[in-house]
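To start, the structure itself, in structure tokens.
Just so we're clear, the structure is a prediction, and the values are computed from it rather than from any experiment. Below, each value reflects all heavy atoms present in this structure, side chains not excepted, and no hydrogens, waters or symmetry copies. Letters go in sequence order (proteins before strands), and every chain restarts at 1.
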Amino acid sequence: MLTLKFIQEQKDEVIKRLKVKRFDATEIIEEIIRLDNERKSTQAQVETLQAEMNSLSKEIGQLFKSGQVEEANKAKAKTGELKDSIKELDNKLSETTTQLNNQLVQLPNVPNELVPEGKGEEDNVEVKNGGKIPELHNAVPHWDLIKQYDLIDFELGTKITGAGFPVYKGKGARLQRALINFFLDEAVKAGYMEVLPPLVVNEDSGFGTGQLPDKEGQMYHVTADNLYLIPTAEVPVTNLYRDVILKASEMPIKNCAYSACFRREAGSWGAHVRGLNRLHQFDKVEIVQVAHPSNSYEVLEQMVAHVQTLVEKLELPWRILRLCGGDISFTSALTYDFEVYSAAQERWLEVSSVSNFESYQANRLKLRYKEDGEKKTQLAHTLNGSALALPRIMAALLENNQTEEGIRIPEVLVPYTGFDIIK
RNA sequence: GGAGAGAUGGCAGAGUGGUCGAAUGCGGCGGUCUUGAAAACCGUUGUACCGCGAGGUACCGGGGGUUCGAAUCCCUCUCUCUCCGCCA
């Protein structure tokens with residue numbers, strides 16, 4: 001969430017920039033400022049009374065100690081009223097604070113200046129592309145290829161779990177594992193430290209990265225223990241740094257993680273979400289960085305560059321989009337999406353999303369740093385990106401590399417798969 | 001799942017109703033000494049909020065209560081450890 005200081009000091013700027021996200025913040029900001037001011041004055045009152053109470057209590061203690069019991073009892077009588085006022089004001093204070101927080105979490109992150117105006121996907125701006133779109137005739141879509149070569153079984157998944165939970169089999173499973181290992185190895189080579197996090201997180205973690213309180217419905221909730229299945233490794237990995245004060249010299253922190261990801265995603269199930277295009281459970285390798293505010297945008301560029309090397313090595317046609325205000329997420333300040341071209345579906349598939357959250361998550365996480373020798377703490381910046389999400393990569397690889405003989409495996413993956421063609 | 005013990009500052013660990021934001025040790029930082037380092041010695045060392053400032057307030061796992069006053073007493077939740085059971 002945004003800091004109160006920022007909102008108070010740059011109110012008009014916040015309203016203006018949130019318009020790019022198509023969010024009218026005028027009212028909510030007025031309310032936040034009103035509540036914050038109320039909070040401050042109530043707090044001042046409470047603290048004055050508490051100070052009074054503290055000194056009175058000390059006096060009573062002294063009186064008892066010196067045996068002046070009567071005096072002490074007299075003084076005691078005075079505290080009752082004070083106590084009541086403190087209690088009353090204290091209740092008001094916590095009520096105001098709760099209301100303030102409720103408003104604050106509803107305010108999205110302000111977008112960076114680079115974020116273009118726009119309503120939705122169609123207004124995203126292509127910033128770069130590469131690779132070659134293969135020319136295939138009668139290309140078979142991946143949902144048919146996986147049946148033909150017996151790589152993934154959706155019906156079996158439906159039988160044991162439900163729709164959107166595929167079962168990978170034989171070379172399909174092996175290819176999946178190859179991609180995971182390839183992505184992890186590449187990330188480690190690029191300086192990211194690998195972590196293998198829990199796939200289930202608590203409420204605090206969900207709040208820290210911004211999934212809770214509002215996007216509850218998108219996660220699977222283990223109600224018996226009040227835990228959530230992670231929608232992305234971003235959640236557990238970023239939360240490793242919750243309530244942490246770093247030294248400036250420790251940044252940037254670079255972590256990567258493979259995880260299964262779980263999404264309830266109550267969307268439609270038409271042609272565009274067929275096969276591997278949208279699943280309830282899928283695999284992903286995520287890269288996460290905690291960076292100094294002064295260079296977090298350079299870090300973002302590096303992360304984008306890293307993802308680019310992946311799609312290039314996989315020989316997939318790719319393009320990078322800068323998300324417009326209407327398509328960028330609630331918590332992000334700037335996001336680049338990677339898409340790869342899927343030759344049989346004849347459309348671009350999103351396979352990565354790389355974002356700078358600036359201090360928006362850090363403020364929720366209480367993730368701070370100190371400059372060398374400085375006493376005051378400042379909020380760090382957090383970033384993350386998919387590197388990469390597997391299912392659509394798999395879809396594109398299968399569709400783009402289909403030949404008369406079978407499905408050709410890109411060279412970089414052969415050491416991982418142990419085969420160079422699926423027949 | 002059953003029984004017991006516990007949760008205090010970066011770490012270890014004292015404190016069982018007032019003078020305790022909290023002893024002491026270690027670690028960190030600064031200094032003295034030294035050509036430099038080590039050792040020794042001296043000093044310093046939590047976070048947040050309010051306030052221009054002086055200063056004030058809160059925090060001893062979380063929440064609630066008792067009391068003029070709570071790290072300390074009571075209730076409750078969470079977590080950790082030990083033993084037993086079960087188990088990949």
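One P atom belongs to B:G13, the other to B:G17, and the distance between them is 23 Å to the nearest Å. As rounded to the nearest Å, B:G2 and B:C77 have P atoms that lie 13 Å from one another. Taking the C1' atom of each, B:G55 and B:C42 are spaced 29 Å apart, rounded to whole Å. A distance of about 28 Å separates the P atoms of B:G43 and B:U57, rounded to the whole Å. When the P atom is compared between B:A5 and B:C73, the two are found 14 Å apart, to the nearest whole Å. A gap of 23 Å separates the P atoms of B:C50 and B:U45, to the nearest Å. Taking atom P in both B:G6 and B:U44, the straight-line distance is 36 Å, to the nearest Å. B:A54 and B:U66: their P atoms are spaced 37 Å apart (whole Å).
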query = What does nucleotides 47-55 of chain B look like as a protein-contact string, B for base, S for sugar-phosphate only, - for none, at under 4.0 angstrom between heavy atoms?
reply = SSBS-----
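Regarding A:N91, its CG atom lies at a distance of 14 Å from the C1' atom of B:G63, rounded to whole Å. Across the protein-nucleic acid pair, A:K366 atom NZ and B:C59 atom C1' stand 13 Å apart, rounded to whole Å. Taking atom CD1 of A:I86 as the reference point, atom C1' of B:G65 lies 16 Å away to the nearest angstrom. With rounding to whole Å, A:K76 atom NZ is found 13 Å from B:G18 atom C1'. With rounding to whole Å, A:Q45 atom CD is found 16 Å from B:A58 atom P. Whole-Å rounding puts the A:D90 CG to B:G63 P distance at 12 Å. Protein atom CG of A:N73 is 10 Å distant from nucleotide atom C1' of B:C68, rounded to whole Å. Rounded to whole Å, the distance from CZ on A:F64 to P on B:U67 is 14 Å.
The side chain to side chain donor-acceptor pair (under 3.5 Å) analysis of residues 45-64 of chain A, with sequence neighbours excluded, yields the pairs A:Q43-A:E47. Residue pairs meeting the salt bridge (Lys or Arg N to Asp or Glu O under 4.0 Å) criterion with at least one partner in residues 217-245 of chain A, sequence neighbours excluded, are absent. Evaluation of the side chain to side chain donor-acceptor pair (under 3.5 Å) test over residues 244-263 of chain A, restricted to residues two or more places apart or in two chains, returns A:Y241-A:N255, A:Y258-A:D283.
Regarding contacts with the backbone of B:G28, every side-chain N or O of A:K247 stays at 4.0 angstrom or more from both OP1 and OP2.
For the residue pair A:H280 and A:Y220, a side-chain donor N or O sits within less than 3.5 Å of a side-chain acceptor on the partner. A donor-acceptor contact closer than 3.5 angstrom links the side chains of A:E399 and A:Q345.
Near RNA chain B, meaning a heavy atom under 4.0 Å away, the residues from residues 50-63 of chain A are A:Q50, A:A51, A:M53, A:N54, A:S57, A:I60, A:G61.
Salt-bridge annotation for A:K11 and A:E30: present, with a side-chain N of the basic residue lying under 4.0 Å from a carboxylate O of the acidic one.
With sequence neighbours excluded, no residue forms a ring pair (Phe, Tyr, Trp, His ring centres under 6.0 Å) with A:Y360. Every side-chain hydrogen bond (donor to acceptor under 3.5 Å, both in side chains) that A:E31 has, sequence neighbours left out, goes to A:R34. Considering only residues two or more places apart in sequence or on other chains, A:Y228 meets the ring pair (Phe, Tyr, Trp, His ring centres under 6.0 Å) condition with A:H221.
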For residues 408-421 of chain A, tabulate all N or O donor-acceptor pairs below 3.5 Å that involve a side-chain atom, not counting sequence neighbours.
residue: A:Y416; atom: OH; partner: A:D185; partner atom: OD2; Å: 2.7
residue: A:T417; atom: OG1; partner: A:L413; partner atom: O; Å: 3.3
residue: A:T417; atom: OG1; partner: A:V414; partner atom: O; Å: 3.3
residue: A:T417; atom: OG1; partner: A:F419; partner atom: N; Å: 3.2
residue: A:T417; atom: OG1; partner: A:F419; partner atom: O; Å: 2.7

Please report, to 0.1 Å, the donor-acceptor pairs under 3.5 Å made by any side chain of residues 302-313 of chain A, with sequence neighbours excluded.
residue: A:Q308; atom: OE1; partner: A:K128; partner atom: NZ; Å: 3.0
residue: A:Q308; atom: NE2; partner: A:E312; partner atom: OE2; Å: 3.0
residue: A:T309; atom: OG1; partner: A:H306; partner atom: O; Å: 2.5
residue: A:K313; atom: NZ; partner: A:E186; partner atom: OE1; Å: 2.7

Below 3.5 Å, can you tabulate the donor-acceptor pairs from side chains in residues 86-103 of chain A to any protein atom, sequence neighbours excluded?
residue: A:N91; atom: ND2; partner: A:K87; partner atom: O; Å: 3.4
residue: A:S94; atom: OG; partner: A:D90; partner atom: O; Å: 3.3
residue: A:S94; atom: OG; partner: A:N91; partner atom: O; Å: 3.1
residue: A:T96; atom: OG1; partner: A:E38; partner atom: OE2; Å: 3.3
residue: A:T96; atom: OG1; partner: A:K92; partner atom: O; Å: 2.7
residue: A:T97; atom: OG1; partner: A:L93; partner atom: O; Å: 2.6
residue: A:T98; atom: OG1; partner: A:S94; partner atom: O; Å: 2.7
residue: A:N101; atom: ND2; partner: A:T97; partner atom: O; Å: 3.4
residue: A:N102; atom: ND2; partner: A:T98; partner atom: O; Å: 3.4

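When base pairs are accepted only as Watson-Crick or G-U wobble with both N-N or N-O distances under 3.5 Å, RNA chain B takes part in stems of 3 or more pairs at B:1-7 with B:78-84, B:10-12 with B:24-26, B:27-32 with B:40-45, B:46-50 with B:55-59, B:61-65 with B:73-77.
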